[in-house]
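Reading through the structure tokens given below for one structure.
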Amino acid sequence: DSNNDLAACRMLLSELEAHQDAWPFLSPVRHKSVPGYRKVIKKPMDFSTIKEKLTNNLYLNLETFIIDVNLVFDNCQKFNEDDSEIGRAGHRMRRFFDKRWTELL
Ligand SMILES: Cc1ncccc1N[C@H]1CCCS(=O)(=O)C1
């Protein structure tokens with residue numbers, strides 16, 4: 001039900017934030033220092049923004065939360081080469097997240 005969905009979202013987010021490869025995703029990409037980012041990425045998302053939305057009760061259920069987490073990783077894949085520090089971190093974080101939330105099912 002929505003209470004344990006919320007608990008699951010909080011649990012999953014704290015695990016994402018604690019991951020050693022989370023550093024590129026903890027705060028919004030500073031588009032002033034990342035040329036092209038604002039033009040290329042139409043819907044920026046990061047873990048701190050997700051936390052804010054959780055706190056403000058903006059996720060209807062686990063599914064809407066997972067959509068935002070996937071947006072973080074999809075943005076990363078769109079902007080970063082697979083063979084780059086941030087690109088590789090994104091792939092590792094997505095693999096970790098997919099494993100964890102499926103373990104909840
Ligand atoms: C996820 C991402 N995609 C593209 C460019 C940059 C980033 N992340 C930045 C977030 C702030 C710190 S940083 O500037 O080192 C890295």
Side-chain angles (χ1 to χ4, degrees):
D1 69 344
S2 67
N3 283 333
N4 63 37
D5 265 7
L6 203 55
C9 293
R10 288 209 181 92
M11 179 76 72
L12 285 165
L13 183 62
S14 64
E15 291 183 358
L16 289 172
E17 290 169 328
H19 197 287
Q20 69 168 14
D21 293 318
W23 58 272
F25 315 108
L26 293 174
S27 57
V29 175
R30 295 187 296 271
H31 54 78
K32 291 195 178 69
S33 56
V34 182
Y37 198 80
R38 187 158 45 182
K39 178 78 178 147
V40 171
I41 300 300
K42 302 306 179 194
K43 292 167 69 180
M45 189 49 65
D46 69 283
F47 296 162
S48 70
T49 303
I50 290 172
K51 184 173 233 161
E52 194 62 27
K53 288 179 72 172
L54 257 182
T55 306
N56 300 335
N57 210 16
L58 293 177
Y59 292 117
L60 298 177
N61 48 38
L62 186 57
E63 204 235 336
T64 54
F65 168 81
I66 289 171
I67 287 167
D68 263 0
V69 175
N70 283 329
L71 181 55
V72 174
F73 304 141
D74 294 344
N75 289 345
C76 181
Q77 274 194 242
K78 181 170 190 182
F79 194 85
N80 300 284
E81 295 294 327
D82 289 338
D83 187 22
S84 67
E85 272 305 304
I86 294 176
R88 272 190 299 279
H91 286 295
R92 288 197 294 267
M93 288 303 296
R94 183 200 293 279
R95 243 190 332 267
F96 172 77
F97 180 67
D98 286 348
K99 178 174 176 297
R100 288 300 290 139
W101 81 260
T102 47
E103 283 165 356
L104 281 179
L105 292 185

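All figures in this text were calculated on a predicted structure; none of them were measured in a lab. As the structure lists them, so they are numbered: ligands from 1, and atoms in each ligand from 1.
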Least distance between heavy atoms, Ile50 atom then Met45 atom: CG1-SD, 3.7 Å
Contacts under 3.5 angstrom, residues 58-78 side chains, donor-acceptor by atom type, not counting sequence neighbours:
from, atom 1, to, atom 2, distance (Å)
Tyr59, OH, Asp68, OD2, 2.6
Asn61, OD1, Glu63, N, 3.1
Asn61, OD1, Thr64, N, 2.9
Asn61, OD1, Thr64, OG1, 3.4
Thr64, OG1, Leu60, N, 3.1
Thr64, OG1, Asn61, N, 3.2
Thr64, OG1, Asn61, O, 2.9
Asp68, OD2, Lys53, NZ, 2.6
Asn70, ND2, Ile66, O, 3.3
Asp74, OD1, Arg94, NH1, 3.3
Asp74, OD1, Arg94, NH2, 2.6
Asn75, ND2, Lys43, O, 2.8
Asn75, ND2, Leu71, O, 3.3
Gln77, OE1, Arg94, NE, 3.3
Gln77, OE1, Arg94, NH2, 2.9
Lys78, NZ, Val40, O, 3.4

The atoms of ligand 1 lying under 4.0 Å from a heavy atom of Phe79, numbered in the order shown, are 4 (C)
Could you list the donor-acceptor pairs under 3.5 angstrom formed by side chains in residues 20-34, with sequence neighbours left out?
from, atom 1, to, atom 2, distance (Å)
Asp21, OD1, Arg92, NH2, 3.1
Asp21, OD2, Arg92, NE, 2.7
Ser33, OG, Arg30, O, 3.0

Could you tell me which atoms of ligand 1, counted from 1 in the order shown, lie closer than 4.0 angstrom to a heavy atom of Tyr37? 3 (N), 4 (C)
Under the 3.5 angstrom rule, does the side chain of Asn4 hit a backbone N or O of Asp1 as a donor-acceptor pair? yes
At a 4.0 Å threshold, what atoms of ligand 1 neighbour a non-hydrogen atom of Arg30? 14 (O)
Atom 2 (C) of ligand 1 has as its nearest protein heavy atom Val29 CG2, 3.5 Å
Tell me the contacting part of Asn80 for ligand 1: side chain, backbone, both, or neither, using a 4.0 Å heavy-atom threshold, strictly below. side chain
For atom 10 (C) of ligand 1, closest protein heavy-atom neighbour: Pro24 O, 3.3 Å
How far is atom 15 (O) of ligand 1 from the closest protein heavy atom, and which atom is that? Trp23 CZ3, 4.0 Å
Any ion pair linking Arg88 and Asp83 (charged N to carboxylate O, less than 4.0 Å)? yes
Does Thr102 use its side chain to pair, donor to acceptor, with the backbone of Asp98 at less than 3.5 Å? yes
Nearest-neighbour protein heavy atom for atom 16 (C) of ligand 1, which is reported as residue plus atom name and distance: Ile86 CD1, 3.9 Å
